[in-house]
Each structure stands twice: as structure tokens, then as C-alpha cells.
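Report on one structure; see the data block that follows.
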Amino acid sequence: MNHPIKSLCAAGALSSLMLLTACGGGGSDSTNPSPTSTSIVGSKSLAGPLDPVQSQLTSTVIDPLSSSVSGTVLESVLACGNTIVNDDILDMVDTVLVSLQSSAANPGNADPAALTGSLRSTVIDLTQMLESLAGTTVDCAQDWLAIERLNNLIANLEKTPLKPLAVALQPVLSRIIDTIGANADAPPVQLATIAQLVAQLNTAFQSGMSKLPAGVYATPIVGGTLTTVSTSLGDISALLGAATTYSAAATGSAVQNLLDHTLTNLLTVVVPLQSLEGQSGQMGVVSSQITGAAHQLSALVGGTVGHVLTPVFNSQLLTALNPVLAPVENLLLPTILGPISDALANGTAQGSTGGALAGSVLAPVVNIVSGVLGKLTGSADTGTDAASCVFAKIPLLAVLCGKGG
């Protein structure tokens, strides 16, 4: 299910940060006007049982976070990561879930055309995410790209700490398109082939991630996005592997596991809650509540295996989703997004170019955001004190001020 998060750079916007945005200073616009005969074309959004989760995650969490970094290179990174995880991969989950909702549940009956289209979309959006990591403005709501863009991935990230990811992924992405075809006119491939290709893609992604500098994982938005995509690829590979065994129970368990990880990662890792907890010396004090609610929602979905969904399922799903989203949507994001937006708009010190992403166009923006986050909890380690903790008067989040000087 696609939820557009446009990556647009208006002339003159955030002028103090123009050297940091994808509109200049090494970035370029990769969007082409329309598909051609040499384009890779993905599938349209797929309707399924998880649509309410996909829609709410984007509108209440990812869209506001994206707005806070609007006009910077991080906007496209965030949008593409969300599209891969929350659209492409959860669309695959939806396709498998549909095959499980009957007394004769059989994951082997998952629609091969739908899975093929979602995999093709995953290739497109992974390509665009890698382009965004190189500082290119992309629109991940656009579900097609010129095939030569896939061939340029390694060159785009040359001389940056993120090059190993492109080196690992580019040949596998090309192999997948060679196998499944570049558009929907190609015949769909069967479940076993889809599972093998996703396993190869997961192996390549994990290999590339293992070669990145350790500090990359701790960088705001970039590290969280890469971690979340990495986990989701591993989980969808396990899910499709289970589906090839025709075991409804094993596949249902894999669905539950994937959804659990997706919710937790998007809400506590992409949204930098775990980072703030670590900074305050209070790991898990808030995120554990979100994790617990995510477990309950995932169990609700897992419990649908072997049953026909009733009309009340959507309302049950939204009821279960509320405690997952509420702490982030209503408390955390309104507190942290203003300071991030202000710092980026002011171009605070133009951002240092060092750190884990030194050598990439991402470094100055990531370092600004990191600097803002480092001061929010009033930690003595960051030269602030408890009195400056922005969470002090928010009951659920006040515990994040625990390490104040």
C-alpha cells in the first residue's frame, strides 16, 4: 500500500542549508518524466488486512518525522526506507495473509503475480534508497525507474562509507530483475523462486551492512532506517521460506514476528526513542511499553490464521494499534520535531562533516540532528543539565531526564 512522501526541494527553501540538501552540493534529481521501454515498473499498491497499520504508521509517524527534515537529504532516505518496509514488504505479508484466512489455510496459494510485483517494487525502492544515501533527490512514491539507475549504484556511493552496501546489492538487484522481468507484462514467477530471490537479497543486504563502519548504525534516521530495512528483509525471507513448506502455523508465526519487529523498529529505532533512552541511562523505560503493545497487535494478526476475517477485524486492529502509536504520535514526536526543524532551518554551524558518515553528503545534516538529540535529555555528558530536559513536564517521558546533571 503506497503512501506518498514527496521529496521536493523548493527554490530558496532552507537557504542556509542548501549545501546540505539534495538540491545541491553533490545531490541531483533522479526522477524521470515517465516510464520507457527500458524502465523497471513496480506494482500498484495492494489492498490487504494490514492496510490500517500501513496507513497509520505513515500518516502519524513517518510523515511528521519526514516533515521535520524536509528539504534535506534525510527526507528521501526516510521516505524510501518507509516505502520498502511499510509498503513493499508489508504488501508481501498481506498477500500471504490472504492465503491463510480460511479453514483450509495454505500459504502455498499466495498469489504469485502479487508477490512478483511487490518484489519488483522492492528492487525499485532499494535502488532509490541507495541513491538517496548518495544525496540524490528521489520520489519513492514513484514506482518505476530507468534501468540504468540500477547500474550506477556503486559509482554513486564511491568514496563514501556506504559503498559496501551498493557493492553487495547491485548485482543481486540486477539478477532479480533478470529473473522476474522489468514489468508486469512478464509472467509471474512461482513462490519457491520468489523465496529464493528474497533470500539472496537478504544475504546481500546483511553482507553489505556487516562492512559498514560500526558508527553508521547509531546515526539518526540513516542508522535506524538501514537497521529497520535489514531486519524486515530477514523477516520476509524467513516468512517466504516458511510459506514454501506449506505450513500455515509456521508461516503465521513468521508473519507475527515480522510485524512485531516492524512496529518496534519504526517506532523506537527510526524514531530515535532507543537512542534517547540510552543517552539518559534508561534503556527500555519507554520503548518497552511500545514493544509490549506491538506484541499484542502482532498476536492479534497471528490469531487470524485459519479463520475468515470478520468485518470487525479492522476496528480490532485499530484498537490494538492505538497504544502502539500513542506514546510516539502524541508525546515524543511533538516534543522532538520542533528542535530538529529549527536547527536544520537555522543551519546550525552548517553541520560538521566528520563522524561515521564522513565523506558523504549525509554527514552535515546527520550531525546537526545528532547534536539536537544529544541535548534533549539534559545529560551532563552533552554539556547540559536536568533543567534543560525537554521531557521534564511530560509524565510518560520525564524518566528520560534521569541522567541529568
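Atoms considered below: every heavy atom in the structure, side chains included; atoms not considered: hydrogens, waters and symmetry mates.
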**Item:** Where Pro339 and Val372 come nearest, the two heavy atoms and their spacing
**Value:** CB-CG1, 3.7 Å

**Message:** Would you say that Ser174 contacts Ile177 through its side chain, given a criterion of any heavy-atom pair below 4.5 Å between the two side chains?
**Reply:** no

**Asked** Is there a donor-acceptor pair closer than 3.5 Å between any side-chain N or O of Ser66 and the backbone N or O of Ile62?
**Response** no

**Message:** Nearest 0.5 angstrom please: Leu309 CG to Leu97 CG, how far?
**Reply:** 8.0 Å

**Message:** Does either side chain, that of Thr58 or that of Asn82, offer a donor lying less than 3.5 Å from an acceptor on the other one?
**Reply:** yes

**Asked** Which atom names give the shortest non-hydrogen contact between Glu277 and Val285, and what distance separates them?
**Response** OE2-N, 3.3 Å

**Prompt:** Is Gln200 close to Arg175 at the side-chain level, that is, under 4.5 Å between some pair of heavy atoms?
**Reply:** yes

**Item:** Spacing of Leu333 atom CG and Ser68 atom OG [to the nearest 0.5 Å]
**Value:** 8.0 Å

**Asn183 to Arg120 - nearest heavy-atom pair and separation** = O-NH2, 3.2 Å

**Request:** Check the pair Leu126, Val229 against side chain to side chain contact (heavy atoms under 4.5 Å, CB included), reporting the backbone distance first and the verdict last.
**Result:** CA-CA 9 Å; Leu126 278 167; Val229 171; 4.1 Å; yes

**Message:** Checking the side chain of Asn367 only, and the main-chain atoms of Gly354 only, is there a donor and an acceptor separated by less than 3.5 Å?
**Reply:** yes

**Message:** Is it the case that the side chains of Ser121 and Asp143 hold a donor-acceptor pair, with the cut-off being a distance below 3.5 Å and no angle test?
**Reply:** yes

**Asked** Quick check: does any side chain N or O of Gln54 sit under 3.5 Å from a backbone N or O of Leu90, one acting as donor and the other as acceptor?
**Response** no

**Whether Ser39 side chain and Val41 backbone form a donor-acceptor pair below 3.5 Å** = no

**Request:** Give me the one residue out of Val61, Val328, Leu65, Leu57 that meets side-chain contact (heavy atoms from CB on, under 4.5 Å) with Leu266.
**Result:** Leu57

**Message:** Could you report the tightest heavy-atom contact between Ile236 and Leu258, atom names first, then the distance?
**Reply:** N-CD1, 3.5 Å

**Request:** Start with the C-alpha distance between Val53 and Leu263, add both sets of side-chain angles, then the distance that settles side chain to side chain contact (heavy atoms under 4.5 Å, CB included), and finish with yes or no.
**Result:** CA-CA 9 Å; Val53 174; Leu263 291 167; 4.1 Å; yes

**Asked** Could you state the interatomic distance from SG (Cys80) to CD (Gln128), rounded to the nearest 0.5 Å?
**Response** 5.0 Å

**Prompt:** Of the non-hydrogen atoms in Ile89 and Ser232, which two are nearest, and what is the gap between them?
**Reply:** CD1-CB, 3.6 Å

**Request:** Of all the heavy-atom pairs spanning Ile221 and Thr225, show the shortest one and how long it is.
**Result:** O-OG1, 2.6 Å

**Message:** Could you check whether any side-chain heavy atom of Leu373 comes within less than 4.5 Å of a side-chain heavy atom of Val369, counting everything from C-beta outward?
**Reply:** yes

**Prompt:** Rounded to the nearest 0.5 Å, how far does CE of Met209 lie from CG of Leu169?
**Reply:** 10.0 Å

**Request:** Taking the side chain as every heavy atom from C-beta outward, state whether Val98 and Asp111 have any atom pair closer than 4.5 Å.
**Result:** no

**Item:** Note, Asn106 side chain near Tyr246 side chain (heavy atom, < 4.5 Å)
**Value:** yes

**Prompt:** Could you state the interatomic distance from OG1 (Thr262) to CG (Leu267), rounded to the nearest 0.5 Å?
**Reply:** 10.0 Å

**Request:** Keeping the roles fixed (side chain from Thr219, backbone from Val222), state whether a donor-acceptor pair exists under 3.5 Å.
**Result:** no

**Asked** So, Ser298 versus Gln256: side-chain donor-acceptor pair below 3.5 Å or not?
**Response** no

**Message:** Please check this pair: side chain of Thr193 against backbone of Val189, looking for a donor-acceptor N/O pair closer than 3.5 Å.
**Reply:** no

**Request:** State, yes or no, whether a side-chain contact exists between Pro327 and Leu332 at a heavy-atom distance under 4.5 Å.
**Result:** no

**Asked** Is the backbone of Pro52 close enough, under 3.5 Å, to the side chain of Gln56 for a donor and an acceptor to pair up by distance?
**Response** no

**Message:** Working note: Leu153 + Leu173, criterion side chain to side chain contact (heavy atoms under 4.5 Å, CB included); need CA distance, chi angles, decisive distance, verdict.
**Reply:** CA-CA 10 Å; Leu153 291 179; Leu173 295 174; 3.9 Å; yes

**Asked** Nearest 0.5 Å, what's the OG-CG distance between Ser118 and Asp94?
**Response** 9.0 Å

**Asked** Under 3.5 Å, side chain of Ser76 to main-chain N/O of Val73, donor-acceptor pair present?
**Response** no

**Prompt:** Side chains of Val365 and Val69: closer than 4.5 Å at any heavy-atom pair?
**Reply:** no

**Message:** Just by distance, no angles: are the side chains of Glu131 and Asn152 close enough, under 3.5 Å, to form a donor-acceptor pair?
**Reply:** no

**Message:** Between Thr304 (side chain only) and Val301 (backbone N and O only), is there a donor and an acceptor less than 3.5 Å apart?
**Reply:** yes

**Request:** Answer yes or no: is there a donor N or O on one side and an acceptor on the other, between the side chain of Asn202 and the main chain of Gly234, under 3.5 Å?
**Result:** yes

**Request:** List the steps and the verdict of side chain to side chain contact (heavy atoms under 4.5 Å, CB included) for Val361 and Thr160.
**Result:** CA-CA 9 Å; Val361 70; Thr160 77; over 6 Å; no

**Distance-only donor-acceptor check, side chains Thr377 and Gln279, under 3.5 Å** = yes

**Request:** Flag the pair Leu165 / Leu226 as yes when at least one side-chain heavy-atom distance between them is below 4.5 Å, and no otherwise.
**Result:** yes

